[in-house]
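For reference, the structure is listed below as C-alpha cells.
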Amino acid sequence: MSGLRVLGPPRGMDDLLPDDFALKHRVVEVIREVFKLFGYLEVETPTVEYYELFAAKSGEEIRERMFDFRDKAGRHLVLRPEVTASIARLMSTKLKAAPLPIRLGYIADCYRYDEPQWGRKRRFWQGGFELFGSRSPLADAEILQASYEVFVRLGMKDHFFRVGHVGILRSILTDYNVEESVQDRILTMIDRGMEAEAFNAMRENGVDEDGVKAVEELIRLKGEERGEIFSKASDILSPWREAGKHLEELNTIIDSAVEYGVNSKIIVEPGMARGLEYYTGFIFEQGVPEADVSLNGGGRYDKLVELFGGKPTPGVGCAIGITRITHYLSEKRGVRQRAKRPCTLLVGIQASERYISRVAGTLRRMGIPVEVEVTGKRLPAAIEYALKSGIKYLVIVGSREESRNTASVRDLERKTQVEVSLDEGGRLAEMLGERIC
RNA sequence: GCCGCGGUGAGGUAGGGGUUAGCCUUCCGGCCUGUGGAGCCGGAUGCCUGGGUUCGAAUCCCAGCCGCGGCCCCA
C-alpha cells in the first residue's frame, strides 16, 4: 500500500471479503429463517434519519456518540444508532392504519461513534424483531422464543438470558410520585452500577428508607432459581401492589418461554435496568459465557409510538447484534465459512467466442451456475485453477466439440469425461450434479 | 473522550542505528497448442504517515493515523 491510507476503510468500519461476508450472511439467513417461522415481515428504513428522532428519548451520552452532520440544506441528520425508533416512526405514520398486531423485522447497519474494541465497531449490523399491538405476556415471550431459535440455529446452545422488568422499579418510584424524567435518570444510574448515586437521587425525590431498601434488595436479587427469586421478590414488593403485578407478569413471560421449549439458562433479575430509556416493561439481554458483552437485547416499549405522534400502541422487540455474533463465532468458535461459487468452469480451447457463449447460455438457462474461463488459460492451467478454487466440473469446448455441437463434461474428482450434445439438456444437468461448491 | 500495547510486500513473519531488508504462503510469466491440484526457472509488491535526533533511521524520540485491549457505554 502506498502512503494513501485513505484507501483503507474509516476507523471502526469493516470491509468484508467473500469468506467474511459468507459468515455474516449465514447469521442473517438464520434470522430471516426465524422471521418466516414467526411471521415477521421484513421492512427497510433509511440509514440516515433526522437527529430529533433519536434525540427524543436518548440521554446526553447517546447523543454524543451519534454520527451526526448537516446536509446541504442545513438539516440536522444522523446515521442511525439503532433501528427501533425508525420502526416506531413507521408505526406512527405509514402503518397507523395497519391491522394489529403487526410483526416487523429488519436487517440494518447502524453507526455509533465509539472507540472500537472487542465486539464494538463504529458500523455494525443488527437484526430486529418488533411486535406491535399486544400487551400480552405472550408477545414478550415470543421475543424470547424467537431469540432462542436464532441462537440455537447458529449453534449457540450455551447462551443465556438475563431477564427483568423495568415496571417493577418504576412503579415503586411512581408510588413516591417521582416524575418520569427523574425515574429515567435513576434507572440509568442503576444500570451503570452507580447505586449510591441512585439511592441519593431517590431520597432527594421523596422516596423514604423503606423504598430505598426495597430497591437495594431487588438489585441484589438475581439468579437462576426462578421460584426462589420470585418468592423473595414478592416478599420485598408486598407493600407495592402495582410492582407485584409486574413481577407476576414477568413470571408468566418466563413460564411461557419455558413451556415453548426455551431450555436456556435464564437469570432472573427483578431489579434489572437497561440503558435505553424507552423501555416500559419486560427487558432482557442474551449472551454467551465466553463473551462479556451481550449479543442480543430488547424489551417492551409501550410509549414509543405515541411519543412519535402515533396512537398509543404497545410494542415489544429485540435487536440481535449480527456483527457481534459473527465476530464471536469467528474468533471464539473458530467458525469458518467459505464463499459459495459455481462447481462448474467452462473452458474453451480453440473454440470461437460465439460457441463458448452459446454453451454458457445453455447451461445457465438450465439453472446451472457456471464460471467462464476468460483469461486465455490453456487447459492444464485451467485445470489447476479449477482444482485450486474447489471447482468440481470442467465443461470443455474445443474445435471438435464446436463442430459437433457438443461439450465435454469432465468430473475432476472421478476423473471421468463424457461428450454430450447440447441438445441433451437433461443429460448435461444430470452430469453437473452439484451446482454450488 | 481517556489509558495501555502494537504497526516490516497481498497474508504470515525475521531483523532492531550503516544489510542488495531475509524467509514461508500467495500472485504473475516461462518450461507447457486438449486434460500436471506437481516440479523447476524467472518476476512483482514492503519497513503506517509526518516531523525530529544523527554523517547515516525500518531501527531512537515526538505527534498523528490505524489495529488490539481496557475505562465509559452499548448490540
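Residue numbering restarts at 1 for every chain, and letters A, B, ... go by the order of the sequence lines.
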* Give a yes/no on whether any side-chain N or O of A:R11 is located under 4.0 angstrom from OP1 or OP2 of B:G67. => yes

* Write down the distance separating the P atoms in B:U8 and B:C48, rounded off to the nearest Å. => 6 Å

* Given B:C72, B:G34, B:C74, which nucleotide is nearest the side-chain atoms of A:S399? -> B:G34

* With a 3.5 Å cut-off and just heavy-atom distances, do the side chain of A:R120 and the base of B:A75 make a donor-acceptor pair? -> no

* B:C72 pairs with which nucleotide, Watson-Crick or G-U wobble, both distances below 3.5 Å? -> none

* **Test of ring centre spacing under 6.0 Å for A:F35 and A:F129** => yes

* Between B:A38, B:U35, B:G1, which nucleotide has the shortest distance from any of its atoms to the side chain of A:R65? -> B:G1

* Taking any strand in view, what nucleotide pairs with B:A10 in a Watson-Crick or G-U wobble way, both distances under 3.5 Å? -> B:U25

Report all interatomic pairs (protein N or O, nucleotide N or O of nucleotides 42-44 of chain B) with separations under 3.5 Å.
none

* Have a look at A:E401 and say if it touches a base, only the backbone sugar-phosphate, or nothing, with a 4.0 Å heavy-atom cut-off. => base

* Would you mind telling me which of B:G34, B:G70, B:C68 lies closest to the side-chain atoms of A:E115? => B:G70

* Asked: Would A:R226 and A:N251 count as a side-chain hydrogen bond (donor to acceptor under 3.5 Å, both in side chains) if you check the C-alpha gap in whole Å, the side-chain angles of each, and the deciding distance to 0.1 Å?
  -> CA-CA 8 Å; A:R226 194 148 54 97; A:N251 199 11; 3.1 Å; yes

* Out of B:A38, B:C74, B:G37, which has the shortest distance to the side chain of A:L387? -> B:G37

* Tell me, please, whether A:Y328 has A:R333 positioned over its six-membered ring: NZ or CZ under 6.0 Å from the ring centre and within 45 degrees of its axis? => no

* Asked: Which atoms form the tightest heavy-atom contact between A:I229 and A:G223, and what is the distance?
  -> CD1-N, 3.5 Å

* Asked: Nearest to the side chain of A:V293 - B:U35, B:G34, B:C74?
  -> B:C74

* To do: Within residues 317-343 of chain A, find the residues that approach RNA chain B with a heavy atom at under 4.0 Å, and present them sorted by residue number.
  => A:A319, A:G321, A:R324

* Of all heavy-atom pairs between A:F284 and A:I143, which one has the smallest distance, and what is that distance? -> CE2-CG2, 3.7 Å

* B:G9 to B:U59 separation - P atoms, rounded to the nearest Å -> 14 Å

* To the side chain of A:Q350, which of B:G70, B:U35, B:U33 is closest? -> B:U33

* **A:F21 and A:H25 aromatic ring geometry - parallel, tilted or perpendicular at 30°/60° bounds** => parallel

* Asked: Is there a Watson-Crick or G-U wobble partner for B:C40 with both distances under 3.5 Å, and if so, which one is it?
  -> B:G30

* Once you apply the 3.5 Å cut-off to both distances, tell me the Watson-Crick or G-U wobble partner of B:U49, or none. => B:A63

* To do: Could you measure between the two C1' atoms, the one in B:G42 and the one in B:G6, and give it in whole Å?
  => 37 Å

* **Spacing of the C1' atoms in B:C40 and B:G52 (rounded, Å)** => 50 Å

* Structure fact -> Between A:R80 and A:F54, the two heavy atoms sitting closest are CB-CZ, 3.7 Å

* Asked: Between A:E285 and A:P10, who's closer to the 5' end of RNA chain B by nearest nucleotide?
  -> A:P10

* Establish, with yes or no, whether the OP1 or OP2 oxygen of B:G34 is under 4.0 angstrom from a side-chain nitrogen or oxygen of A:R400. => no

* For A:T326 and A:F124, run side-chain contact (heavy atoms from CB on, under 4.5 Å): C-alpha distance rounded to whole Å, both residues' side-chain angles, the deciding distance at 0.1 Å, then the answer. => CA-CA 11 Å; A:T326 305; A:F124 56 95; over 6 Å; no

* To do: Under 4.0 Å between any heavy atoms, over every strand shown, what does A:G12 touch: base, sugar-phosphate, or nothing? Just pick one.
  => sugar-phosphate

* Asked: Just by protein heavy atoms under 4.0 Å, how would nucleotides 24-29 of chain B read 5' to 3' in B, S and -?
  -> ---S--

* **OP1 or OP2 of B:C31 under 4.0 Å from side-chain N/O of A:R378** => yes

* Reckon A:L295 touches a base, only the sugar-phosphate, or nothing at all at heavy-atom distances under 4.0 Å? -> sugar-phosphate

* To do: Under 4.0 Å between any heavy atoms, over every strand shown, what does A:G119 touch: base, sugar-phosphate, or nothing? Just pick one.
  => base

* Asked: Looking only at atom P, what distance separates B:G12 and B:U26, rounded to whole Å?
  -> 15 Å

* Criterion side-chain hydrogen bond (donor to acceptor under 3.5 Å, both in side chains) on A:E373 and A:T375, from CA distance to verdict -> CA-CA 6 Å; A:E373 212 307 298; A:T375 61; 2.7 Å; yes

* Asked: Counting just side-chain N and O atoms, does A:Q117 come under 4.0 Å of either OP1 or OP2 of B:G70?
  -> yes

* How would you label the glycosidic angle of B:G51: syn (within 90° of 0) or anti? -> anti

* To do: With heavy atoms under 4.0 Å as the rule, sort A:I396 into base, sugar-phosphate or nothing.
  => base

* **ring centroid sep under 5.5 Å plus plane angle under 30, A:F124 with B:A75** => yes

* **Any side-chain donor near an acceptor of the partner, A:N263 and A:Y148, under 3.5 Å** => yes

